[in-house]
Amino acid sequence: MSDEKPTRRDILRPLHLLAIALGCGVFATIVTLVSTGAFTARVNNAIAEGTYDGLTPVALGLVVGGGAFIVTLLILAMLILAVDPADVTKTIDRPVLYDPESDDGAGSEKPGSVSSP
């Protein structure tokens with residue numbers, strides 16, 4: 001393992017956040033296309049004959065994918081705002097969910113102390 005610890009600024013780069021949002025949008029598009037039957041002959045024949053009512057599966061997939069991209073990007077941006085700017089330059093050298101006073105992660109009890117029932 002390298003001695004260099006990543007900073008929060010390295011972890012939360014804007015390009016990475018855009019890539020995460022794009023991945024969510026593409027996933028939502030693919031799920032929408034598959035669930036609306038965009039790859040079936042029945043739906044494609046109905047679209048070609050003009051008897052398909054409503055939004056086509058491709059257009060619906062693009063709308064849902066675009067919405068998922070925007071919502072994911074907004075949620076990630078709001079979560080970034082919750083980060084204290086002073087913490088941006090700190091290095092992450094321990095698991096985040098450990099208590100600040102315990103470095104070993106064994107819990108908040110001190111060795112030799114008796115816990116009450």
Side-chain angles (χ1 to χ4, degrees):
M1 191 168 171
S2 67
D3 291 333
E4 269 187 51
K5 304 287 182 188
T7 62
R8 288 187 192 243
R9 185 177 190 97
D10 292 336
I11 293 173
L12 303 173
R13 293 192 185 265
L15 187 60
H16 294 168
L17 298 177
L18 283 173
I20 291 169
L22 182 66
C24 290
V26 168
F27 178 75
T29 301
I30 291 171
V31 167
T32 303
L33 288 175
V34 170
S35 64
T36 56
F39 305 114
T40 60
R42 182 180 58 86
V43 172
N44 288 330
N45 288 338
I47 292 171
E49 294 171 1
T51 59
Y52 190 85
D53 292 332
L55 200 58
T56 62
V58 174
L60 182 63
L62 291 175
V63 168
V64 169
F69 172 77
I70 291 170
V71 167
T72 304
L73 198 60
L74 284 175
I75 289 172
L76 289 175
M78 295 305 260
L79 289 174
I80 294 283
L81 288 176
V83 175
D84 185 22
D87 290 341
V88 172
T89 58
K90 290 182 182 177
T91 58
I92 302 171
D93 55 351
R94 62 178 180 81
V96 180
L97 297 177
Y98 282 177
D99 291 333
E101 56 270 358
S102 70
D103 292 330
D104 60 352
S108 59
E109 293 184 37
K110 294 179 181 157
S113 66
V114 177
S115 62
S116 61

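All values below come from the heavy atoms of this structure, side chains included, with hydrogens, waters and symmetry mates left out.
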Tabulate below the donor-acceptor pairs under 3.5 Å that side-chain atoms of residues 54-74 make, not counting sequence neighbours, or state none.
unit_1 : atom_1 : unit_2 : atom_2 : d
Thr56  : OG1    : Ala59  : N      : 3.4
Thr72  : OG1    : Ala68  : O      : 2.7

Below 3.5 Å, can you tabulate the donor-acceptor pairs from side chains in residues 34-42 to any protein atom, sequence neighbours excluded?
unit_1 : atom_1 : unit_2 : atom_2 : d
Ser35  : OG     : Val31  : O      : 2.9
Ser35  : OG     : Thr32  : O      : 3.2
Thr36  : OG1    : Thr32  : O      : 2.8
Thr36  : OG1    : Leu33  : O      : 3.4
Thr40  : OG1    : Gly37  : O      : 2.8

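Residues forming a side-chain contact (heavy atoms from CB on, under 4.5 Å) with Ala82 (at least two apart in sequence, or on another chain): none.
Closest heavy-atom contact between Leu76 and Leu17: CD1-O, 3.9 Å.
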